[in-house]
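Inspection log for the structure reproduced underneath, given as structure tokens.
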Number of protein chains: 2
Amino acid sequence: MEAENKGVKGSQLKNMIIKKLYFNKAMSCAGLSELFDKSIPSIAKAINELMHEGFVVEDGYAPSSGGRRPLMYSVKANAMYILAVALDQLTARIQLVDLLNNPVAEMRTFELKLHNNPDSLATLTAQIDDYIKNSGASKDKIAGIGIGMPGFINVTEGINYTYLDANGQSLTKYIEAKTGIVTYIDNDSSLIALAEQKFGIAKSQQEVMVINLGWGIGLGMIVNGKLFRGHTGFAGELSHIPLSEDGSLCDCGKRGCLEAEASLLVVAQKAIAGIKQGRVTSLKYNENDHSKLMGDAILEAANNGDQFAIELLSDAGYKIGKALAILIHIMNPATIVLSGRGARVAKILMAPIQQALHKYCIPRLSTGTELLVSELGFDAELIGAAVLVMENFDKSVKAKVAKSAKAAV
Amino acid sequence: MEAENKGVKGSQLKNMIIKKLYFNKAMSCAGLSELFDKSIPSIAKAINELMHEGFVVEDGYAPSSGGRRPLMYSVKANAMYILAVALDQLTARIQLVDLLNNPVAEMRTFELKLHNNPDSLATLTAQIDDYIKNSGASKDKIAGIGIGMPGFINVTEGINYTYLDANGQSLTKYIEAKTGIVTYIDNDSSLIALAEQKFGIAKSQQEVMVINLGWGIGLGMIVNGKLFRGHTGFAGELSHIPLSEDGSLCDCGKRGCLEAEASLLVVAQKAIAGIKQGRVTSLKYNENDHSKLMGDAILEAANNGDQFAIELLSDAGYKIGKALAILIHIMNPATIVLSGRGARVAKILMAPIQQALHKYCIPRLSTGTELLVSELGFDAELIGAAVLVMENFDKSVKAKVAKSAKAAV
DNA sequence: AAACTTTATTTATATTTTTATAAAGTTTTA
DNA sequence: TAAAACTTTATAAAAATATAAATAAAGTTT
């Protein structure tokens with residue numbers, strides 16, 4: 001018990017170092033000393049212990065900045081693993097990665113309908129547990145499970161109010177109980193934002209807004225370098241702000257919501273209506289196709305130059321741009337990232353969005369914000385799920401993992 | 001030099017304690033130990049030193065929570081003073097307060113036109129310096145100067161891009177050079193928000209939006225318990241978001257801005273137009289009155305039941321409500337506070353604002369946000385200016401003050 | 001080559017925390 | 001109802017920890 005306690009308190013700094021080295025590639029003792037405001041001997045001691053425990057490795061010398069070259073340290077990729085899970089309305093992805101976010105087992109993809117599916121949670125948990133068993137990785141080595149999912153989510157309690165019902169109980173506690181691994185959940189758009197800020201195009205920016213263009217329109221907000229969720233966790237509801245007085249009716253019951261005017265689902269429906277009216281287009285439509293199939297087809301067609309598809313997307317883009325103008329006025333972000341499924345056609349959307357920004361933004365504000373397109377693409381949510389685990393790493397007591405890793409050396 | 005260095009590093013904790021005791025009324029060693037994650041002996045030592053130095057006094061025993069009663073400590077009110085300055089477009093207020101925010105010298109109010117006035121900075125600085133001299137307070141005892149002012153402000157550089165030109169140089173450095181006292185500036189709306197969160201109706205809330213209803217419509221944002229300013233310091237530009245497609249032309253060059261539809265200045269102009277058209281009202285208008293006089297008259301008349309004034313304010317309130325609906329969707333704040341000049345008629349504004357929220361907000365979001373009216377009123381900006389100084393207290397090296405206070409004991 | 005920088009290590013010093021003890025309450029229970 | 005048992009807070013000593021200073025090492029710049 002004595003040694004246990006000592007470990008917990010004393011490993012605080014070590015966990016902070018592991019976390020930092022996960023996010024940065026490599027750092028020197030001097031750099032870490034500066035960063036954490038600890039003396040170099042303290043850092044050196046912690047680093048040495050971490051090397052003995054198998055968490056950290058030397059990583060060569062960095063170029064001199066006018067003096068002795070610093071010896072860099074990196075995290076040892078296979079010291080721990082992270083289980084990343086990404087859900088959308090219909091499909092689930094599971095992927096075990098190492099501390100460099102590289103896959104250490106094949107990704108598993110399977111159908112998982114979230115809407116009106118009371119078994120979804122049990123199915124997901126069973127799949128996760130089975131995936132881990134198959135991966136051959138020791139549960140002790142898994143730093144945590146991170147799950148991204150659509151819906152209104154209470155991050156601290158681990159509850160999703162929209163999907164994956166656990167009788168109002170904590171989803172994360174349920175999964176932790178079944179798997180024995182610390183679990184974190186968050187909204188898909190939030191995780192995409194996290195991925196973009198930590199490993200994507202908005203790397204190390206402090207104020208980042210990430211638009212998740214999909215069947216809906218999500219917003220993940222990074223404020224002050226951290227995920228922002230608002231007072232009750234519902235911040236970033238960009239898709240239901242009142243954009244126009246006379247727009248079409250939205251699922252939420254209001255009129256003129258962005259989502260009811262510019263989401264991929266709505267664009268698909270408009271396309272179907274257009275085809276029925278005989279619009280000239282390369283798009284085909286069979287009566288038994290569902291709208292989502294059409295959505296993907298539109299993205300494809302637009303990228304191939306189909307005029308009708310481009311017109312529909314431009315229209316949507318302009319409305320998105322108007323919403324972004326509002327967002328810029330309120331948040332004054334450094335960066336807005338277009339991400340999610342719709343990022344495929346970001347080049348087409350860019351022009352009408354910029355046009356709307358010019359019309360609706362005070363120049364002083366629009367000049368301060370850079371509009372970028374995600375490079376992570378479909379991987380963003382999975383990376384974000386992994387990041388979520390490591391974001392919480394210094395808070396979670398991973399002395400357990402530390403001990404087992406020591407034994408493994 | 002040895003003792004000097006020791007003081008600087010070691011006084012970090014002491015400065016943090018002073019800051020905390022400024023914001024909280026009284027705290028125990030145990031409480032501070034918990035808060036700062038320092039051992040009780042460390043806190044006790046720091047507290048004892050602070051008492052010897054004359055910064056902290058014992059403040060009686062708090063009720064027991066099931067054990068020995070904690071001895072509480074408070075900041076000694078006259079250990080330091082803060083100089084608070086509040087500017088609006090036309091008038092300046094200067095007020096020296098102690099660490100309980102109580103006045104220690106009479107408030108000075110004087111005309112200071114900010115617009116097109118190259119002398120404004122020199123005048124202000126001279127007034128500040130003269131005020132301090134007259135107050136009889138030793139400059140060594142003044143923890144800092146905090147100034148709230150309208151305009152686009154770069155807080156870190158201390159520059160106001162709109163008013164108080166110092167040839168593009170730092171305002172704060174200029175004032176520091178002339179007075180010899182650390183100086184901080186911030187936007188008036190931001191300081192009002194700070195005041196509301198620290199000593200006002202939104203006390204200790206983490207996510208607070210404060211609407212500064214005045215000649216314009218300002219927004220001060222508290223995010224994650226701290227003032228939020230955005231990437232380039234321009235966050236919170238609520239007054240220029242595109243609210244309607246066909247609204248009247250705004251100063252900013254766009255159409256349909258909130259400010260062009262619902263600010264007190266616009267309401268006054270509408271009132272004048274109405275009177276000229278012969279509307280029945282108790283309001284009087286002389287051709288040589290300027291709109292701002294009318295603005296105050298409208299608030300008065302509305303509170304006295306004048307139908308026309310109430311109608312005009314209700315109309316403005318509804319538009320403000322629509323903007324707040326957008327703000328709630330994006331920020332999901334715990335609290336929205338109506339503050340500034342217009343808070344006088346907040347009761348009249350409340351109804352149309354709530355009506356707009358019901359129309360434009362998803363219920364899940366509007367229920368999570370409380371709409372409140374400021375109780376600080378006209379003092380808010382001054383209190384915020386004082387708070388600004390103490391917010392930065394732990395960062396500024398106040399060992400100097402600490403030493404002089406010691407000598408004074 | 002000399003002077004300066006930056007980084008790393010060692011040792012002596014200073015600081016902080018833990019542990020033990022006491023003090024001052026409240027709650028439980030006999 | 002009073003004593004026993006438990007809580008919370010405070011203090012003083014010993015033990016653990018972190019830091020500063022000195023020194024060395026490895027570069028760059030003058």
Side-chain angles (χ1 to χ4, degrees), chain A residues 1-17 20-21 24-53 56-74 399 402, chain B residues 1-17 20-21 24-53 56-74 399 402:
Chain A
M1 185 198 139
E2 200 182 326
E4 200 91 351
N5 268 341
K6 221 166 76 180
V8 171
K9 247 291 185 187
S11 70
Q12 187 68 29
L13 178 62
K14 291 200 274 180
N15 285 341
M16 286 163 68
I17 291 174
K20 189 67 198 173
L21 291 180
N24 289 37
K25 252 168 59 93
M27 291 201 76
S28 67
C29 279
L32 289 165
S33 164
E34 176 87 356
L35 181 71
F36 293 129
D37 198 27
K38 292 273 162 187
S39 69
I40 291 180
S42 297
I43 299 289
K45 189 188 161 207
I47 284 278
N48 274 322
E49 285 177 27
L50 284 169
M51 286 205 295
H52 278 267
E53 288 162 10
V56 167
V57 289
E58 291 185 354
D59 198 17
Y61 289 92
S64 165
S65 65
R68 178 170 169 172
R69 296 182 313 179
L71 179 53
M72 307 303 279
Y73 299 92
S74 291
Chain B
M1 185 196 137
E2 198 183 330
E4 200 92 349
N5 268 339
K6 223 166 79 179
V8 172
K9 246 292 185 185
S11 70
Q12 186 69 30
L13 178 62
K14 291 201 272 181
N15 285 342
M16 286 164 68
I17 291 174
K20 189 68 198 173
L21 291 180
N24 289 38
K25 252 167 59 93
M27 291 201 76
S28 67
C29 280
L32 289 165
S33 164
E34 176 86 357
L35 181 72
F36 293 130
D37 199 28
K38 293 272 162 191
S39 70
I40 291 179
S42 297
I43 300 290
K45 188 189 162 207
I47 285 278
N48 274 322
E49 287 178 25
L50 284 170
M51 287 205 296
H52 278 265
E53 288 161 11
V56 166
V57 288
E58 292 186 353
D59 197 18
Y61 289 91
S64 165
S65 64
R68 177 169 169 173
R69 296 183 312 180
L71 180 54
M72 306 302 279
Y73 299 92
S74 290

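Keep in mind it's a predicted model, so treat the numbers as computed, not measured. Every chain is numbered from 1, with letters handed out A, B, ... down the list of sequences.
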*Would you indicate what B/Pro70 reaches in the nucleic acid, counting non-hydrogen atoms under 4.0 angstrom: base, sugar-phosphate, or nothing?*
sugar-phosphate
As an exercise, state the distance from [atom1] of [X] to [atom2] of [Y], rounded to the nearest 0.5 Å.
{"X": "B/Ser33", "Y": "B/Ile40", "atom1": "OG", "atom2": "CD1", "value": "4.5 Å"}
{"X": "A/Leu32", "Y": "A/Met16", "atom1": "CG", "atom2": "CE", "value": "10.0 Å"}
{"X": "A/Ile47", "Y": "A/Ile17", "atom1": "CD1", "atom2": "CD1", "value": "4.5 Å"}

I need the [atom1]-[atom2] distance between [X] and [N], as an integer number of Å.
{"X": "B/Lys38", "N": "D/dA16", "atom1": "NZ", "atom2": "P", "answer": "20 Å"}
{"X": "A/Leu13", "N": "D/dA16", "atom1": "CG", "atom2": "P", "answer": "20 Å"}
{"X": "B/Tyr61", "N": "D/dT7", "atom1": "OH", "atom2": "P", "answer": "23 Å"}
{"X": "A/Tyr73", "N": "C/dT7", "atom1": "OH", "atom2": "C1'", "answer": "10 Å"}
{"X": "A/Gln12", "N": "D/dA16", "atom1": "CD", "atom2": "P", "answer": "21 Å"}
{"X": "A/Lys14", "N": "D/dT17", "atom1": "NZ", "atom2": "P", "answer": "11 Å"}
{"X": "B/Ile43", "N": "D/dT11", "atom1": "CD1", "atom2": "C1'", "answer": "15 Å"}
{"X": "A/Asp37", "N": "D/dA18", "atom1": "CG", "atom2": "P", "answer": "14 Å"}

*Can a side chain N or O of A/Ser42 be found less than 4.0 Å away from OP1 or OP2 on D/dT17?*
no
*Think A/Lys45 has a side-chain N or O under 4.0 angstrom from the OP1 or OP2 of D/dA18?*
yes
Going by the rule side-chain contact (heavy atoms from CB on, under 4.5 Å), which residues pair with [X] if we only count those two or more places apart in sequence or in a different chain?
{"X": "A/Ala62", "value": "A/Pro70, A/Met72"}
{"X": "A/Asn24", "value": "A/Lys20, A/Met27"}
{"X": "B/Glu58", "value": "B/Met51, B/Leu71, B/Tyr73"}

*Summarise protein proximity over nucleotides 24-30 of chain D in one line of letters, 5' to 3': B for base, S for sugar-phosphate only, - for none, counting protein heavy atoms closer than 4.0 Å.*
BBBBS--
_I need the full list of side chain to side chain donor-acceptor pair (under 3.5 Å) pairs touching residues 59-68 of chain B, with sequence neighbours left out, sorted by first then second residue._
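Non-adjacent pairs meeting side chain to side chain donor-acceptor pair (under 3.5 Å): B/Asp59-B/Ser74.
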*Quick one: which residue pairs count as a salt bridge (charged side-chain N to carboxylate O under 4.0 Å, His left out) with a foot in residues 38-52 of chain B, not counting sequence neighbours?*
B/Lys14-B/Glu49
*Which of the following nucleotides, D/dA12, D/dA18, C/dA8, is nearest to the side chain of B/Pro41?*
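From the listed options, D/dA12 comes nearest.
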Which atoms of nucleotides 28-30 of chain C (N or O only) lie under 3.5 Å from a protein N or O atom, and what are those distances?
none

*Hey, which of these two, A/Ile40 or B/Ser28, hits DNA chain D nearer its 5' end, going by closest nucleotide?*
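Closer to the 5' end of DNA chain D: B/Ser28.
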*Based on Watson-Crick and G-U pairs with both distances under 3.5 Å, what dot-bracket line describes DNA chain D 5' to 3', crossing pairs as [ ] and inter-strand pairs as |?*
||||||||||||||||||||||||||||||
*Got a sec, which residues hit side-chain hydrogen bond (donor to acceptor under 3.5 Å, both in side chains) with A/Ser42, two or more places apart in sequence or on another chain?*
A/Ser39
